[in-house]
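Everything on this sheet refers to the single structure shown next.
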Protein chains: 4
Amino acid sequence: MATSAAKTHDRAMAPGQAGSQAGSRTRPPTRAKGQETAERVRKAALKRFAASGYAAVSMREIASDVGVRPGALYNHFPTKQDILKDLMLSHMADLLAAWEASDLPGETDPLERFVRFHIRYHLERADEVFISYMELRNLEPENFRIIEAERRRYEALLTDILENGRSAGRYAAEDPKVTTRAIIAMLTGIPAWYREGGRLSERDIEELYLDLVRKAVAPEIPHGDRMA
Amino acid sequence: MATSAAKTHDRAMAPGQAGSQAGSRTRPPTRAKGQETAERVRKAALKRFAASGYAAVSMREIASDVGVRPGALYNHFPTKQDILKDLMLSHMADLLAAWEASDLPGETDPLERFVRFHIRYHLERADEVFISYMELRNLEPENFRIIEAERRRYEALLTDILENGRSAGRYAAEDPKVTTRAIIAMLTGIPAWYREGGRLSERDIEELYLDLVRKAVAPEIPHGDRMA
Amino acid sequence: MATSAAKTHDRAMAPGQAGSQAGSRTRPPTRAKGQETAERVRKAALKRFAASGYAAVSMREIASDVGVRPGALYNHFPTKQDILKDLMLSHMADLLAAWEASDLPGETDPLERFVRFHIRYHLERADEVFISYMELRNLEPENFRIIEAERRRYEALLTDILENGRSAGRYAAEDPKVTTRAIIAMLTGIPAWYREGGRLSERDIEELYLDLVRKAVAPEIPHGDRMA
Amino acid sequence: MATSAAKTHDRAMAPGQAGSQAGSRTRPPTRAKGQETAERVRKAALKRFAASGYAAVSMREIASDVGVRPGALYNHFPTKQDILKDLMLSHMADLLAAWEASDLPGETDPLERFVRFHIRYHLERADEVFISYMELRNLEPENFRIIEAERRRYEALLTDILENGRSAGRYAAEDPKVTTRAIIAMLTGIPAWYREGGRLSERDIEELYLDLVRKAVAPEIPHGDRMA
DNA sequence: TATGAATGAGGGTTCATTCAT
DNA sequence: TATGAATGAACCCTCATTCAT
């Protein structure tokens, strides 16, 4: 599946990303054991940040989850902030890479592709998504800028789709930028309430939201039933 | 205006609510000076919580904003958690009261009324709205339950509208509960990016989102232009 | 005695000094109990810094000496550095104030007055003197500048004496600035080895050093006994 | 030059000394590369200790200066304390060896020889001298005793000179031990303020201090100009 | 109603050192 | 001989909160 490829890709990139943060006291782990520990740190921090919020999570808690003393974390990440940065950067990189790799077979409408991709990815990676929205304000300014740029890149994908669709007469989003935000907000809200095993399957959700989105940007308003 | 009536109402209730929580060690302040201080605490906490998140804000910061020593805060709120609870409870009470009071003149379609009300209220009270979404996880369980109940009451307003509209054949939301969440997520996302004085006025936003919502729940898809 | 007056003076000044360090989170203690604690902190820190050096002393140790939890220290001094600064500033202020107040009865020669004053004061306040020489490098740059200026003021006292004495033909210090440093280094070295109750009394020391200093700056070398 | 011979001598002895300290877990390095690294460690530690003080310098900083990971330091010195001990022992050995080797041509007065030697050596090896005075208290008791013994040996050189000179009627130091300390304190203070390229050359300093010392211990006080 | 002073817990981070590789 | 990874202790400091005044 697309996203698992992305996951592999991401982890393959990670050392490069970490290496690019010049001046940090902590080199990225190079030995197998260190790489494993670093990955466990990422996973523990992700879970904790998603559950309690960055500010409410202590390095001691993360260390305890990982099964290591607090000081050992600093062999892998120079600061707590860097763990957050790493998680958010990886997430955005994964997300964009997964989009590139997502070529749902038999689908031709790009809007449908985007909606399905977004829902699936966001349900699958709920924690990453969650902290990427919630912890933006806990990023230091420079990190914030980087993440914001990635986010805009992602949103531009949908804006392009809407604009192209409008030129082609397929959709009628009056203001593609606003519509982009509206659709993304709508879709991104799903993981906040969706629970597996509930009344609706993931596919049900996809269909329902796809229908809402399609109609919202449909080129024409049906005959006599405008409201008000 | 509707909301100012609500505000009065809310403030009148708030001490009573606080007093009713069993075990509260702090008497509600009764003198004018104390009420003023309490209000300044609420305002300072609101700004800070919205800007940095509950966990990242210290009582010292709030006290400093208010112009008082930390210890003095405890004459007005028994704990930091109670400040958060107070803000969120007031917000939900205000929101529902404002809805009751909102009778936009000349409007007849309830969905339009809801959309316009929600956008206006959420842009006007962006900080309250923001913390009400962001700080849910920092509420103690009982407080969380109370807030969640209020939130569901508010969402039920829209669900009812959608269900009634469907019965009447005016809208065609296949799954009104899901559609409610979709619409509310969409609308609630606005304050995250909307800036006064930007390209679009608040009224422009209202029209654009109203159009999206109307079409999304429109009863029929026009003739031959389905996507794909 | 001169120095006890100075001590009183110093403590009377201290709040003013502390108050002048704008922006610090910690106000100088205002209530009697707080003033007492602050004084105990100063004393404990002085002893510890003199014994082990600033860098090797922990706030925990100071707190423990004072009989208080570490956090309580921060009600009196914003940082560890501020304790050091306070000690060194007070010392220099005390020293200069004590010089002003030192009017040894019956003495007329200013060089003698200086030598006796310096030896007495430095033996009496050995800890303050010691940290003022040893911990200069642990002062933050601005604090360092302040202390250095005070030190130069003190040294200038002796330089003036030597220059005036040279004009008057009483002494023959060829280079009064260098001679100042030489004399002060010589005298300041005393507390490093002098122990009360040893072979020599404090007065013995005074006489011995006074003799060395007098001869060193004596205007003429006696007849034929130059060395070499 | 005298001191470079001493330097060679010292370095030749140092490993042996280190090896002779019972219980040392670290074999003295035998291969060329290790010896080089050990020397770089000494140099880096010397600079850092002189600049910031033993307690304020971390093994990580030293390792970083050397271009090596902290763990590698322990191949050369068993503990941080041993680096300090090594530096101070070497310094004292060097100093005494340099004195032995110092036979300034044409000089006959031993006091002049001592003064010139001391000033030159202390200006040339300012860092070693500095830490040997400043870091005494950071030596473990046994190391302290060793260093103190060496220091007394050095001071005894001057005391002997003064005593012999007094017997011979050349000088008149009333209390040779006190005078020794006075002179050494005076001379040792020079590197604290002397800067190359300043108003005075090293030779100027020598002459000025030599003059002060000579007069201070001159056998007679010139006729009528006693002070007071 | 507010303050100054304290507590006890815990925050992120650094430390000297060890040791398998 | 050097490294990467870990330990366990300690670092300075901040926290929410209490309480006598």
Side-chain angles (χ1 to χ4, degrees), chain A residues 25-38 55-63 67-76 78-81, chain B residues 25 27 29-34 36-38 55 57-63 66-76 78-81, chain C residues 25-38 55 57-63 67-76 78-81, chain D residues 25 29-34 36-38 55 57-63 66-76 78-81:
Chain A
R25 291 151 308 174
T26 308
R27 250 154 303 291
T30 55
R31 297 225 266 245
K33 193 182 175 193
Q35 297 221 17
E36 250 175 62
T37 303
V57 173
S58 74
M59 293 296 267
R60 281 161 172 84
E61 287 167 334
I62 296 170
V68 114
R69 303 296 168 141
L73 298 180
Y74 293 83
N75 287 327
H76 305 282
T79 68
K80 186 185 170 192
Q81 168 78 198
Chain B
R25 286 151 309 171
R27 288 143 294 142
T30 51
R31 286 201 281 224
K33 192 180 176 191
E36 246 177 62
T37 303
V57 173
S58 73
M59 293 296 267
R60 279 162 170 78
E61 288 168 330
I62 296 170
V66 172
V68 113
R69 302 303 174 123
L73 298 180
Y74 293 84
N75 289 322
H76 304 281
T79 69
K80 185 184 170 191
Q81 169 77 202
Chain C
R25 290 151 311 174
T26 307
R27 251 154 303 291
T30 55
R31 298 226 265 246
K33 193 181 174 193
Q35 297 221 19
E36 250 175 60
T37 303
V57 172
S58 74
M59 293 296 266
R60 283 162 170 80
E61 288 167 333
I62 296 171
V68 113
R69 304 298 168 135
L73 298 180
Y74 294 85
N75 288 327
H76 305 282
T79 68
K80 186 186 170 190
Q81 167 79 200
Chain D
R25 288 152 309 172
T30 50
R31 287 200 282 224
K33 192 181 176 191
E36 246 177 62
T37 303
V57 172
S58 73
M59 293 296 267
R60 279 161 171 79
E61 287 167 331
I62 297 170
V66 172
V68 113
R69 300 306 174 119
L73 298 180
Y74 293 84
N75 289 323
H76 304 281
T79 69
K80 185 185 169 191
Q81 169 76 202

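Excluded from the calculations below are hydrogen atoms, water molecules and symmetry mates; all remaining heavy atoms, backbone and side chain alike, are included. Below, read A as the first sequence line, B as the second, and so on, with proteins coming before strands; counting in each chain starts at 1.
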**Value in whole Å for how far the C1' atom of E/dG10 lies from OH of C/Tyr74** = 14 Å
**NE2-CD distance between C/His76 and C/Glu36, expressed to the nearest 0.5 angstrom** = 10.5 Å
**Prompt:** Heavy atoms under 4.0 Å, any strand shown: does B/Val57 hit a base, just sugar-phosphate, or nothing?
**Reply:** sugar-phosphate
**Message:** Taking pairing as Watson-Crick or G-U wobble with both contacts under 3.5 Å, can you name the mate of E/dA20, or confirm there isn't one?
**Reply:** F/dT3
**Message:** Between A/Gln35 (side chain only) and A/Ala32 (backbone N and O only), is there a donor and an acceptor less than 3.5 Å apart?
**Reply:** no
**Value in whole Å for how far the C1' atom of E/dT14 lies from CE of A/Met59** = 12 Å
**Asked** Can you give one letter per nucleotide of nucleotides 4-10 of chain F, 5' to 3': B if a protein heavy atom sits under 4.0 Å from the base, S if only from the sugar-phosphate, - if neither?
**Response** BSBBS-B
**Item:** Nearest atoms (heavy-atom pairs only) where B/Lys80 meets B/Val57
**Value:** NZ-O, 2.7 Å
**Complete:** Note: C/Arg60 and C/Pro70 closest approach over all heavy atoms is CG-CG, 4.0 Å
**Asked** Within this structure, what is the CD-to-C1' distance between D/Gln81 and E/dT17, rounded to whole angstrom?
**Response** 15 Å
